[in-house]
K.L.:
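So that we are looking at the same thing, I have put the structure below in structure tokens.
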Amino acid sequence: MTAISAASPTPSADRPNRPERADRPEHAARPEHDAARPGGAAGADGSVRPDGSAGAGGAALHGPVIDWFDAHARDLPWRRPEAGPWGVMVSEFMLQQTPVNRVLPVYEQWLARWPTPADLAAEPPGEAVRAWGRLGYPRRALRLHGAAVAIRERHGGRVPSDHAELLALPGVGEYTAAAVASFAYGQRHAVMDTNVRRVFARAVSGREFPPDATTAAERKLARALLPADEPTAARWAAATMELGALVCTARTPDCARCPITAQCAWRAAGSPAHDGPPRRGQTYAGTDRQVRGKLLAVLREAVAPVPQAALDKVWHEPVQRARALDGLVADGLVEPLDGGLYRLPLT
């Protein structure tokens with residue numbers, strides 16, 4: 001097992017001239033200067049080639065980005081060697097659409113209670129939902145529990161290292177499989193979260209933001225930019241992610257601190273504003289998501305099944321409240337019982 005930590009050394013063989021860089025809780029991009037080359041990768045000048053080859057440009061980014069990561073990476077518990085593959089997997093489930101500062105306390109509590117997949121699999125799924133607390137998107141808790149059960153049954157309680165076997169686990173998609181294989185086992189995969197996509201969109205494609213959904217062209221670019229050897233590729237994946245999280249942020253990119261500012265296609269083009277569809281932020285207040293959260297909060301705190309009357313108190317509008325409760329039942333997050341009682345799922 002090869003955990004990616006801030007202290008891990010980075011092989012120098014893949015960092016030839018160490019010119020410039022890119023970085024890290026999924027998506028890449030294409031160049032402003034050549035919209036007709038959507039599937040290419042960085043050339044020596046940061047442009048995208050129609051044949052998809054990275055040329056010298058990709059290698060020119062590796063050294064600066066990885067060096068920056070070595071110096072500035074946050075000391076996060078899932079990056080430490082003792083986290084192991086299970087700790088990495090738990091973090092990847094929790095970090096989806098949830099900021100690090102909210103994940104940290106829940107992650108620590110989770111691993112203290114369930115240090116292995118078998119420990120989690122031995123408990124009812126409702127306990128995973130209870131422990132998930134207010135991280136949001138609680139179906140992730142059910143999926144993580146399902147993955148733990150599958151790991152116990154199919155893999156003897158050990159998180160598999162094979163990408164295809166990871167992808168076959170319940171609740172594990174392409175991003176999570178690539179992230180676990182890369183960060184826990186040091187393998188060579190394109191790990192594309194929102195931060196990575198934004199870094200590639202700006203540094204290589206010359207665009208302020210990537211498309212709303214990950215495209216085939218972005219995946220092709222991310223693969224083309226991967227360093228050739230596995231340890232450096234795994235380090236690159238973590239580094240680009242961290243760069244997007246700390247420096248190349250969505251709202252206030254700190255270009256003065258960026259290790260690849262000189263090579264950034266977006267900066268070279270004058271930092272043009274986003275010209276795609278308007279980017280809409282997610283609302284929460286007054287939505288079914290808020291009502292679902294309030295209902296689950298009551299059920300998480302309860303030690304016995306909860307009567308309908310207690311749930312009726314959490315939201316004033318009966319139609320929306322009923323719809324939210326029905327949705328929780330349909331999603332397997334709440335189990336209805338006889339007599340108008342509800343509880344977190346036991347099976």
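Since we're looking at a predicted model, the values are computed, not measured. Every heavy atom of this structure was used, including side-chain atoms; hydrogens, water molecules and symmetry mates were not. The chain is numbered in sequence order, starting from 1.
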K.L.:
Ignoring hydrogens and geometry, is there a side-chain-to-backbone donor-acceptor pair from His62 to Ala233 under 3.5 Å?
P.N.:
no

K.L.:
Could you check whether any side-chain N or O of Arg152 sits under 3.5 Å from a backbone N or O of Gly157, counting only pairs where one atom can act as donor and the other as acceptor?
P.N.:
no

K.L.:
Has the side chain of Arg130 got a donor or acceptor atom that lies under 3.5 Å from a matching backbone atom of Ala302?
P.N.:
yes

K.L.:
Counting N and O atoms only, with roles assigned by atom type, does the side chain of Arg198 sit under 3.5 Å from a partner on the main chain of Phe209, one being a donor and the other an acceptor?
P.N.:
no

K.L.:
Looking at Arg267 and Thr261, would you say the former's side chain and the latter's main chain have a donor-acceptor pair under 3.5 Å?
P.N.:
no

K.L.:
Taking 4.0 angstrom as the limit, do Asp119 and Arg113 come out as a salt bridge?
P.N.:
no

K.L.:
Mind checking whether Trp236 and Phe200 have parallel, tilted or perpendicular rings, split at 30° and 60°?
P.N.:
parallel

K.L.:
Of all residues at least two apart in sequence or in a different chain, which pass the salt bridge (Lys or Arg N to Asp or Glu O under 4.0 Å) check with Glu335?
P.N.:
Arg343

K.L.:
I'd like to know if the side chain of Arg300 and the backbone of Gly133 have a donor-acceptor N/O pair within less than 3.5 Å.
P.N.:
yes

K.L.:
Is there a donor-acceptor pair under 3.5 Å between the side chain of Arg140 and the backbone N or O of Phe93?
P.N.:
yes

K.L.:
Looking at Glu174 and Arg219, does any basic side-chain N land under 4.0 Å from a carboxylate oxygen?
P.N.:
no

K.L.:
What distance separates Trp110 CH2 from Leu144 CG, expressed to the nearest 0.5 Å?
P.N.:
5.0 Å

K.L.:
Has Trp315 got a side-chain atom pairing as donor or acceptor with Gln290's backbone, closer than 3.5 angstrom?
P.N.:
no

K.L.:
Main chain of Ala237, side chain of His189: is a donor-acceptor contact present, judged purely on distance under 3.5 Å?
P.N.:
no

K.L.:
Donor-acceptor pair, Arg257 side chain versus Val247 backbone, under 3.5 Å?
P.N.:
no

